[in-house]
Amino acid sequence: MSKDKSARIATPQAVRGTQDMLGDFADRFAHVVDTFERVRRLYGFKRVEVPVIEPTAVFARSLGETTDVVAKEMYSFDDRGGESITLRPEFTAGIARAYITNGWQQFAPLKVATHGPLFRYERPQKGRYRQFHQLDAEVLGSDSPLADAELLVFADQLLKELGIAEGVTLTLNTLGDAESRDAWRAALVEHFEAHRGNLSEDSLARLDKNPLRILDSKDPRDRPIADSAPDIDAFLTGEAQDFFGAVTAGLDAAGVAWERNARLVRGLDYYRHTAFEFVTDRLGAQGTVLGGGRYDGLIEALGGPPTAAVGWAAGIERLAMLLADDVIDNRLDAVIAVEDDSQLALATRALAALRNGGFATEIVASGSPRKRFDKAAKIPAHALISVGIRDGEPHINVRGEGDRSKAAEAVVRAL
RNA sequence: GCGACCAUAGCUCAGUUGGUUAGAGCGCCGGUUUGUGGUACCGGAGGUCGCGGGUUCGAGCCCCGUUGGUCGCCCCA
């Protein structure tokens, strides 16, 4: 109602790569989060909340200065006090920072879970957004392979309860301890250097920044070279070998299906030992639905005590897209159609009684009275209650099947 | 950051080789029909054709730019 036209602006568009959710997709999103919250309790993971903003150093130092996430995808800005702040591009580093600053070592081993928005300045694509949302689970302060296994069993049960386990497979690898990883990395660099002339341009860049990533390159020119590269197995120390064996034994004992993928590496620098991804071919180019691994060196790198830790994150939008069409039941218990305005008071009493009694109820009382029944009939509900006049008397009719309908009718009849 | 395709009513879309006043379905509002009924019919509201420039007697249609979307590359959950 602005009288001053100059007060109006052209409606701004939503920021690129962000989304507004309403209805079906919002319900799916909430269903993923609700399921996660339920399953997380079954595994004894505590709820944790950490800030959306952190000092830039939290991410820049921990993820690896040369990773794309740090080098070109962070939303960083100087606040009014001149401090460089970054919108979190992932959960792990912030949780690690909180673990140190709050002295959570006293609770080790600490199992925590959280979910919320993350921000990455990327080109939007199917299953990839600039503001996106993840579920996250971490076990801090445990160097036991049992922790890795527990986290994976947790992830597996979550996917099963969401009904999307079929078509999603757990792929697993080990990156070894620091000693194994360094030896393997050196051998890889040597191998790739020998084939330098045949690598793709992208992989030549990777050779300097993160040679491990050449292993999972999709470029056909890289595949023969990557496939003939040495596996880590030959470089694993006995200790690293035993660790991986214990993780897979734990999975087998819990009945979790998995596949070894010796080519699986992780994008962020902090990973050691166990690395895993739950992958699918149903999301186009964004095949990873849940991923993570062990990051024993991260907390120390952030200035904390040497602390072993392992965790995973899962894209909520990606999980929501995989949900079957029929998993969301947002039917109301009852819909009331007011077919005669003289009975509005009666209908309103029925509405209040139903809602107070725990019945999800909606009322249709506007527009042409003779069309309200049809309008109400289109709203998904267990019971359709019409309130009107019949033979000069107030009259209530209830249509519907099942227990909820009968229970709702009982409430209305008791008025 | 690179590439391809796309953008017309609230939604999903049509719109001929460039040619009067840009259409349909759904949804919304009103009327009629039906009258324990989820039906059918009639009417109405609603559009700077994403935005800016250009070509042309004339542009929703062709060209350039721009913004956004979608899908790949890359990256990652």
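These figures come from a predicted structure and were not determined experimentally. In what follows, chains are A, B, ... by sequence order, proteins preceding strands, each numbered from 1. Side chains are part of it too, since the values below use all heavy atoms of this structure and drop only hydrogens, waters and symmetry mates.
- For the pair F132(A) and A77(B), the ring geometry qualifies as stacking, because the centroid separation is below 5.5 Å while the planes lie within an angle under 30°.
- Note: CG (D374(A)) to P (C29(B)) measures 12 Å, nearest angstrom.
- Closest approach to the T288(A) side chain among A77(B), C73(B), G68(B) is made by A77(B) (side chain taken as heavy atoms from C-beta onward).
- Closest to the side chain of R213(A), from the set U36(B), C76(B), C75(B), is C76(B).
- Residue-to-nucleotide contacts include no donor-acceptor pair under 3.5 Å from the side chain of R120(A) to the base of C75(B).
- Side chain R318(A) to base C76(B): a donor-acceptor pair is found below 3.5 Å.
- When the side-chain nitrogen and oxygen atoms of S368(A) are compared with OP1 and OP2 of C29(B), none of them lie within a distance under 4.0 Å.
- Nucleotides C13(B) and A22(B) have their C1' atoms positioned 14 Å apart, rounded to a whole Å.
- Checking C75(B), G69(B), U32(B) against the side-chain heavy atoms of P124(A) singles out G69(B) as nearest.
- Not a single donor-acceptor pair, N or O on each side, falls under 3.5 Å between the base of G1(B) and the side chain of R123(A).
- Taking a pair to require two hydrogen-bonding distances under 3.5 Å in either a Watson-Crick or a G-U wobble arrangement, C61(B) remains unpaired.
- No hydrogens or angles were tested; on distance alone, a donor-acceptor pair under 3.5 Å links the side chain of K371(A) to the base of G31(B).
- Side-chain atoms of D202(A) lie closest to C73(B) of the nucleotides C73(B), G38(B), C76(B).
- For the P atoms, the distance linking C5(B) with A77(B) amounts to 32 Å, nearest Å.
- At a threshold of 4.0 angstrom between heavy atoms, the contacts of G292(A) with the nucleic acid are absent.
- Between U33(B) and G50(B), the distance separating the two P atoms is 43 Å to the nearest Å.
- Applying the 4.0 Å criterion to OP1 and OP2 of G37(B), one finds that R399(A) has a side-chain N or O inside that range.
- The aromatic rings of W258(A) and F244(A) sit perpendicular, their planes meeting at an angle over 60°, well past the 30° parallel limit.
- Contact annotation: side chain of E339(A) to base of G37(B), donor-acceptor pair present below 3.5 Å.
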